[in-house]
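These notes are about the structure you will find just below.
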Amino acid sequence: MKNTTTIAWKEIKIYFVSPMAYIIMAVYSALAAYYFVTSVSGVLPEATIRGFIFPSTLIFTLLSPILTMRLLSEEQKLGTLELLMTSPVRDYEIILGKFIASMASLLSILIPTLYLVLILTWFGSPDMGPILSGYIGLILYGMATLSVGIFASSLSGNQIVAAVLAMGVLLILSIIDLASTYLTGTVADMVMHISLTNHLESFARGVIDTHDIVYYFVFTSFMLFLTIRSLESRRWR
Amino acid sequence: MEDPNSTPMIEVTGLTKYYGDFPAIEDINFTVGKGEVLGFLGPNGAGKTTAMRILTGFMPPTHGSVKIAGLDVVDDSLEVRKHIGYLPETVPLYTEMSVEDYLAFMGGIRGMDSKWLKRRIDDVIAICRLEEYQNTLIGKLSKGYRQRTGIAQAILHEPDVLIMDEPTVGIDPIQVVETRNLIKGFGGDQTVILSTHILPEVSMVCSRVIIIHEGQVVAIDRPDNLSERLRATEKLEVDIRGPASAVMPAIRNMEGVLEVNRVDRDGVGIYLIETPHGADLRERISNLVHERGWGLLRLQPIQMSLEEIFLRLTDMEPGTK
Ligand SMILES: Nc1ncnc2c1ncn2[C@@H]1O[C@H](COP(=O)(O)OP(=O)(O)OP(=O)(O)O)[C@@H](O)[C@H]1O
Ligand SMILES: [Mg+2]
């Protein structure tokens, strides 16, 4: 566990020292504010954060790969992976540390949006339930997209390649989701079941379903498992 | 020096590594005693880095085994890694971290407690002469200081076994001397394996040398024995029947002869003639013997493949002979 926190801490320090952290924070805040404002100033304004939850799925598709691209790519490029892999650290501890660090960066982009909630309480009396569940949903959805990003980052020593690969995979996952609206029967059911965004819906409505939580954790664990295998396979090349 | 009765610190048996179909190293065997400084010597592509990567547990061998402190590097990988300090060929540094932060991180993942780590960071910064740069971002360091930071990282946790892939590449001559002295100083407590293709470096630091060529061990010996075998000369053995008092000066006066030694066997003189590399005297010797009316019984160049390999090595490092 100590190894995991050591690695996570190192990544967190590097991330928050870089301007990237604040650029991404600003970009996400701006986009969230935009979608939020358009949703609360419509004909039927509602005191919720639902306005930026769904657009966030597309935003995360683009931002998560940027948050994670350097995590393993850079270790490969700098040759530091050789040092990590010959230190008394287990492969899964490396990956877990990187994952925790990426979660910290995700929280850092969500936290500034809390001022939108503040605005809601200022001007209205929002129902806190859906807001809380909305954030939980966003964190879980973000977690799943980060795990895809980390996996992609393990595959290439080139950060750009890793980022584009992850964006591609996440886009395909969203497109599958759109396609499911044209499908019927069991196929549609299956697609709905594996879709990343579909499981976010109930959170947005204020419903926390353990199925959805389990889904995101299983998805993330599977991706991290693939990442560990990808790391292991480097030893056999 | 090494005690032949003690159990070896490093035991390598039948080590073979294939990259696809390509054998990078083949059937390498050697042992290293505690406190020895062993040098891997070989030209580019010989397989030095490959062997070291297997020794450090970075990748498993295709065949064969490595035991460090009695533990198998594949089966007890995690345990073995605690004993090892490693300086890879491309010095692995986080360019966005300061020297001190980097060392703290490396100590952390090696399980050093904070008190020990703090003391050792001060130690290695002093040893590697990094005082001026301890708070500098690694990305801003010159090549030589990066190399020093790499060395600092490798010795940080006082490992029993130190494996360094070309440790003196890219650092200035003064620091090279210091690094060599440093490595020499490790012998005794620590077992060291280092790779190089600089021949004199080996004789300066190593108690034993392994010469690797195209993935195979060509020689394992003490450096003084090796350099004996390694002078850049060729030798001819010639048996001549004739009066030594006439033959000796005649040969000695031939152009291109560096040295002649003679032993007598049953009235026949066996002459060992040393010539510079590439000078072929066979024809001239046979003409000489013929003119004087002596008898030429045998004329044989002595095969020295080891020297040829070394010549290739020394060719790569002009001026360091
Ligand atoms: N990852 C790899 N995949 C395929 N072949 C490799 C790989 N790494 C090394 N080789 C090959 O294996 C051989 C040995 O390489 P190695 O790096 O061990 O040599 P070396 O002795 O360290 O050379 P140098 O002095 O140049 O560092 C070379 O022919 C090299 O091309
Ligand atoms: Mg090498």
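Letters A, B, ... are given to chains in the order of the sequence lines, protein chains preceding strands, and every chain is numbered from 1. The figures here come from the full heavy-atom set of this structure, side chains too, leaving out hydrogens, waters and symmetry mates.
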Without placing hydrogens or testing angles, list every side-chain donor-acceptor pair under 3.5 Å for residues 135-144 of chain B, not counting sequence neighbours.
from     : atom 1 : to       : atom 2 : distance (Å)
B/Thr136 : OG1    : B/Tyr133 : O      : 3.3
B/Lys143 : NZ     : B/Gln147 : OE1    : 3.3

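Within the structure, salt bridge (charged side-chain N to carboxylate O under 4.0 Å, His left out) contacts touching residues 57-80 of chain A (residues at least two apart or in different chains) are A/Lys10-A/Glu75, A/Glu11-A/Arg70, A/Arg70-A/Glu74, A/Glu75-A/Lys98.
Rounding to the nearest 0.5 angstrom, the gap separating the CE atom in A/Met69 from the OG atom in A/Ser153 is 9.5 Å. The CD1 atom of A/Ile131 sits 12.5 Å away from the CD1 atom of A/Ile136 when rounded to the nearest 0.5 Å. A distance of 12.5 Å separates CD1 of A/Ile53 from OH of A/Tyr141, quoted to the nearest 0.5 Å.
If you check the side chains of B/Ser65 and B/Thr13, you find a donor sitting under 3.5 Å from an acceptor. A/Ser87 and B/Tyr86 form no side-chain donor-acceptor contact under 3.5 Å, judged by distance and modelled atom types alone.
One finds no salt bridge joining B/Lys48 and B/Glu89 here, because no Lys/Arg side-chain nitrogen approaches an Asp/Glu carboxylate oxygen to under 4.0 Å.
Of all non-hydrogen atoms in B/Arg81 and A/Val89, the two that sit nearest each other are NH1-O, 3.1 Å.
Among A/Thr5, A/Leu84, A/Thr4, A/Leu81, the residue making the largest number of heavy-atom pairs under 4.5 Å with chain B is A/Leu84.
A side-chain donor-acceptor contact under 3.5 Å links A/Thr86 to the backbone of A/Leu83.
Of the atoms belonging to A/Leu78, heavy atoms from both backbone and side chain fall under 4.5 Å from chain B.
Contacts from residues 148-157 of chain B to chain A, taken as heavy-atom pairs separated by less than 4.5 Å, involve B/Gln153 in sequence order. For residues 90-117 of chain B, heavy-atom neighbours of chain A at less than 4.5 Å comprise B/Val91, B/Pro92, B/Leu93, B/Tyr94, B/Thr95, B/Glu96, B/Met97, B/Tyr102, B/Phe105, B/Met106, B/Gly108, B/Ile109, B/Arg110, B/Met112, sorted by residue number.
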